[in-house]
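The basis for the numbers below is simple: all heavy atoms, side chains too, and nothing from hydrogens, waters or symmetry mates. Order of appearance sets the numbers: ligands from 1, and atoms from 1 within every ligand. Just so you know, residue 1 is the first one in the sequence shown, and it goes up from there. Owing to the predicted nature of the structure, the values given are computational and were not obtained by experimental measurement.
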Amino acid sequence: MEKTFSIIKPNAVSKNVVGKVISCFEEKGLRVAAIKMVHLSREKTEGFYIEHKDRPFFASLVQFMTSGPVFLMCLEGEGAVARNREIMGATDPAKADAGTVRKLFGEGIEANAVHGSDSSQSAERELAYFFEKSEIHSRF
Ligand code: CMP
């Protein structure tokens, strides 16, 4: 059993598809072990995406991620990191497979509906960045 970190991004929240996105995870074997709705600050978002700080899209990404509330989640299940990435689809919705969250609800590479950890090390860092251990309700 594994845990991963997920964000439902501002475009999906504003489109009122939070329930549909969560259903995609639940129907494919992941469980929500923690969830909170927050409007991220610029500082918190910059710290989260620190590995991208030198990329040309960094400022725009931070601007987008702070444009409205998001849902922060811990998802858990067998092979949760890889499974979440399959469910999300490719970063660019235009390249994502049919039926993936990003194909269904993404509007562009930035407004791509969801973020998910890319490795178990990232998942650990990202979960610790947003959640206290006591806020994660693991069933395993
Ligand atoms: P996310 O999983 O949140 O991690 C970093 C984000 O940067 C990524 O999803 C995209 O939304 C965003 N991004 C914007 N432009 C690019 C790009 N050219 N390549 C990769 N990610 C990008």
Check Thr4 against Ala80 and note the closest heavy-atom contact, atom names and distance.
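Minimum heavy-atom contact is CG2-O, 3.7 Å.
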Among Glu126, Glu124, Lys3, the one residue meeting side-chain hydrogen bond (donor to acceptor under 3.5 Å, both in side chains) with Ser117:
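It is Glu126, the one option of Glu126, Glu124, Lys3 that forms the side-chain hydrogen bond (donor to acceptor under 3.5 Å, both in side chains) with Ser117.
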Give every pair made of an N or O atom of ligand 1 and a protein N or O atom lying under 3.5 Å apart, one pair per line with both atom names and the distance to 0.1 Å, or write 'none'.
| residue | atom | partner | partner atom | Å |
| --- | --- | --- | --- | --- |
| ligand 1 | 2 (O) | Arg102 | NH2 | 3.4 |
| ligand 1 | 2 (O) | His115 | ND1 | 2.9 |
| ligand 1 | 3 (O) | Lys9 | NZ | 2.8 |
| ligand 1 | 3 (O) | Tyr49 | OH | 2.5 |
| ligand 1 | 3 (O) | His115 | ND1 | 3.2 |
| ligand 1 | 9 (O) | Lys9 | NZ | 3.3 |
| ligand 1 | 9 (O) | Asn112 | ND2 | 3.4 |
| ligand 1 | 11 (O) | Lys9 | NZ | 3.0 |
| ligand 1 | 11 (O) | Ile109 | O | 2.6 |
| ligand 1 | 11 (O) | Glu110 | O | 3.4 |
| ligand 1 | 11 (O) | Asn112 | ND2 | 3.4 |

So, are Arg83 and Glu2 salt-bridged, with charged N and O less than 4.0 Å apart?
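Judged by the 4.0 Å cut-off on N to carboxylate O distance, Arg83 and Glu2 do not form a salt bridge.
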Verdict with reasoning, Tyr49 to Phe57, per ring pair (Phe, Tyr, Trp, His ring centres under 6.0 Å)
CA-CA 11 Å; Tyr49 280 123; Phe57 58 81; 8.4 Å; no
I would like to know whether Arg31 and Leu75 meet side-chain contact (heavy atoms from CB on, under 4.5 Å); could you show each step before the answer?
CA-CA 5 Å; Arg31 268 175 189 277; Leu75 301 174; over 6 Å; no
Distance-only, no hydrogens or angles: does the Lys44 side chain make a donor-acceptor pair with backbone N or O of Tyr129 under 3.5 Å?
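Yes, Lys44 side chain to Tyr129 backbone: donor-acceptor pair under 3.5 Å.
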